[in-house]
Amino acid sequence: MKHGKSVAIVGVGGIFPMSPTLDRFWETIIGNVDTSRQPPQGRWLLEPDEAFDPAIGAPDKIYSKKACFIDDEIDTSSVAGLDIDADFLSGLDPMYRLLLRTGHQAFSDGRIDQIDRQKVGVIIGNLALPSEHSSTMARDYLGRTFAEKVLGTEAQPELPSVDPLNRYVAGLPAGLLAKALGLGGTCYTLDAACASSLYAIKLAVDELLAGRADAMLTGGLARPDSLYTQMGFSQLHALSPSGTCSPFDANGDGLVVGEGSGMFLLKRTEDAVRAGDHIYAVIRGIGLSNDIGGSLLAPASEGQLRAMRSAYQQAGWSPSDVDMIECHATGTPVGDVVEFSSLKSLWGKEGWQSGQCVIGSVKSNIGHLLTAAGSAALMKTLLAMKERTLPPTANFAQPARGVELEKSPFRVLRQSKPWKQRKQGQPRRAAVSAFGFGGINAHLLVEEWIPKQPAKSSVTYPPSFKKKNPPIAIVGMGAHLGPWDSLDSLRSRFLGDETVVKPELPSRWWGAEESRWFKNKGFKKSDFKGFYVSDAQASPGVFRIPPKEVEEMLPRQLLMLKVADEALQDAGIKKEDLLFTGVFIGTGLDLNATNFSFRWGLEKLARRWAQQLGRDLSA
């Protein structure tokens, strides 16, 4: 995004924990409300007391029962203008209804009457982890197979079957939203961990500035199987044992998981002005980066600074131009201190006054929304601009060790304060950060829109409108398809290898292909034959991942790393070139990730099976 070129935010929609409307969301923020609580009845496969163990990291146990939840049922039947069958939608996971509601809200908030919907796209950040319905599929399919093996007869389902479309957790939400609204532009989801929402917004901005779209619907969605994320962060020792998210505070002891969705309608600023849209803010810069050093669990200040500096360079701002920074801060002691250190380095040692910039984190109110975290942070910032109020951060009493506010340009508010202009006619400016697992960084800069004095540069089309896009070359490749584990073997297969390679049965299906249930549906064992990747291996240390973690990785993750590395090696990319190299991988949810849900419920099934078999078994 060239300096001075901008995109306007003209529509907003959101549902967040205990905040079914944006008015309620703002009340939650300025009221210092902490929405963390135990899960609603029936939300988890296990009762909270069954899953709980106070020992941190106990296998298949959680050490905190608290998270931040949205209301279970989101009714879309009252939403007019959605081209989607209500009965079809009722068979899909709640995540789809959540996105349809917030996406429709944002889209309808803009001036859409004159828009060609074929030139409107959808790009959202979405969590590629098991949903409640995909977990139900695992318990249904695998549960039947296990019951048959144990009982020796065809098993009846423990749960009602769900629509098989629920297996498309990663990509289907964006496509469904586009279908429901009749949008024909670029459409996909991405998972860049906790930076996903801002990555999606950056890519949506690129679509607009390149002229490929006239409007973009973008933001973030996070509504996975909540027990899965609670278990996962328990195993990573990242959850707050107290169940309280306290960013930058001395009592900060970990994160609290949240869920929800925040969506935005974007247009080029000139188009928004012409259409008479209400402009919530103008995007002036978005910087992206990935840590080169560090590890999967430890953030690196160097990578965060690259994203921040890129954003300010695009905007033509200095860091001290912003009045408010909505931080990524999750309440984890190490992560918060690293982020605070990055901000201090960005601002430097002079040119500022003590406490001139407010920093905070909406995670203190609604938890960490993962792939929707950036959208929640941006939504808070836009509402603060609209209300001309600097918002507080909940659960803040005393700065954490390493967060030396008195020696910095930053302050954390305990109560809201008026957000005054620095001088008459000067727009309010703010920054939003989102830093993802593994060192995926994003920093976004927004500016209040003052229609009486629009900057000329904000309505000028970028050069890409006037000349053709430059040609793109393929300079490196890597491949592993079925038994063909290299480019050489694949080349032989494609270009004349006469060797007959027969398809085989999968080796990791736990005997599901022999299930009576499948047979009764007309499937033969041979129907499951194909060309599978039997194994994926890597030498210890080659990807700077501890050997124990390599053992526990899904095979597809290791396969992806190997093939991507081969392509980079083939292209000869190394050293400083890596700083300007991005990685985009097309993928979906590996359904093996849903096996955890089946495992957690297996103990109850085992008791029932033992009773059916007349076995008197100990725990």
Side-chain angles (χ1 to χ4, degrees), residues 5-15 20-23 25 74-86 89 96-126 173-189 197 200-221 261-283 372 375 378-379 382-383 385-386 446 449 451 454 458-459 461 465:
K5 308 305 182 291
S6 71
V7 163
I9 302 171
V10 299
V12 296
I15 295 176
T21 67
L22 292 180
D23 287 341
F25 182 48
I74 296 172
D75 184 19
T76 54
S77 61
S78 62
V79 179
L82 290 180
D83 180 21
I84 193 143
D85 182 74
L89 190 58
Y96 297 99
R97 293 188 290 279
L98 172 61
L99 180 63
L100 287 177
R101 188 81 176 192
T102 56
H104 179 270
Q105 185 181 352
F107 188 66
S108 302
D109 193 32
R111 298 295 297 269
I112 57 175
D113 47 325
Q114 299 298 319
I115 291 181
D116 177 2
R117 296 197 182 197
Q118 293 305 303
K119 294 204 70 178
V120 181
V122 177
I123 302 177
I124 61 168
N126 179 40
L176 195 67
L177 178 60
K179 164 69 170 62
L181 294 175
L183 309 181
T186 298
C187 177
Y188 60 88
T189 68
S197 294
I201 291 170
K202 169 63 167 69
L203 294 169
V205 166
D206 289 348
E207 291 294 300
L208 289 165
L209 294 184
R212 293 187 294 268
D214 289 337
M216 292 294 297
L217 200 51
T218 185
L221 169 68
S261 175
M263 294 293 292
F264 309 93
L265 182 65
L266 309 184
K267 292 182 181 179
R268 288 180 291 271
T269 306
E270 183 177 49
D271 295 344
V273 172
R274 185 187 303 115
D277 282 287
H278 169 73
I279 297 178
Y280 288 89
V282 176
I283 297 172
S375 66
L378 177 58
M379 193 71 72
L382 297 179
L383 294 176
M385 280 188 174
K386 177 185 176 184
V446 287
W449 173 251
S458 69
V459 295
Y461 284 128
F465 277 91

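Residues: numbered from 1 along the sequence shown. Every heavy atom of this structure was used, including side-chain atoms; hydrogens, water molecules and symmetry mates were not. Worth saying up front: this structure is predicted, and the values here are computed from it rather than measured.
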Is there a donor-acceptor pair under 3.5 Å between the side chain of [X] and the backbone N or O of [Y]?
| X | Y | result |
| --- | --- | --- |
| D277 | G110 | no |
| T218 | A200 | yes |
| R268 | A213 | yes |
| S261 | G14 | no |

Give the C-alpha distance, both sets of side-chain angles, the deciding distance and a yes or no for side-chain contact (heavy atoms from CB on, under 4.5 Å) between Q105 and L22.
CA-CA 11 Å; Q105 185 181 352; L22 292 180; 4.2 Å; yes
What's the shortest heavy-atom distance between [X] and [Y], and which atoms?
| X | Y | value |
| --- | --- | --- |
| M379 | V12 | SD-CB, 3.8 Å |
| F264 | A106 | N-CB, 4.0 Å |
| A178 | V122 | CB-CG2, 4.1 Å |
| S6 | T269 | OG-OG1, 2.7 Å |
| E207 | I123 | CG-CD1, 4.1 Å |
| I124 | L99 | CD1-CD2, 3.5 Å |

For the pair V205 and M216, evaluate side-chain contact (heavy atoms from CB on, under 4.5 Å) and give the outcome as yes or no after the intermediate values.
CA-CA 8 Å; V205 166; M216 292 294 297; over 6 Å; no
With D83, which residues qualify under salt bridge (Lys or Arg N to Asp or Glu O under 4.0 Å), at least two apart?
K179
I9: which of L265, I279, L378, V282 passes side chain to side chain contact (heavy atoms under 4.5 Å, CB included):
L378
The single option from V273, V120, I115, L208 that satisfies side chain to side chain contact (heavy atoms under 4.5 Å, CB included) with K267 is I115
To the closest 0.5 Å, what do you measure between OG (S375) and CG (L382)?
10.5 Å
With rounding to the nearest 0.5 angstrom, report the NE2 to CG distance, H104 to L82.
5.0 Å
Could you check whether any side-chain heavy atom of [X] comes within less than 4.5 Å of a side-chain heavy atom of [Y], counting everything from C-beta outward?
| X | Y | value |
| --- | --- | --- |
| F107 | L183 | yes |
| L89 | L176 | yes |
| D109 | H278 | no |
| I283 | L266 | yes |
| M385 | V446 | yes |

Determine whether more than 12 heavy atoms belonging to other residues, nucleotides or ligands lie under 6.0 Å from atom NZ of K386.
no
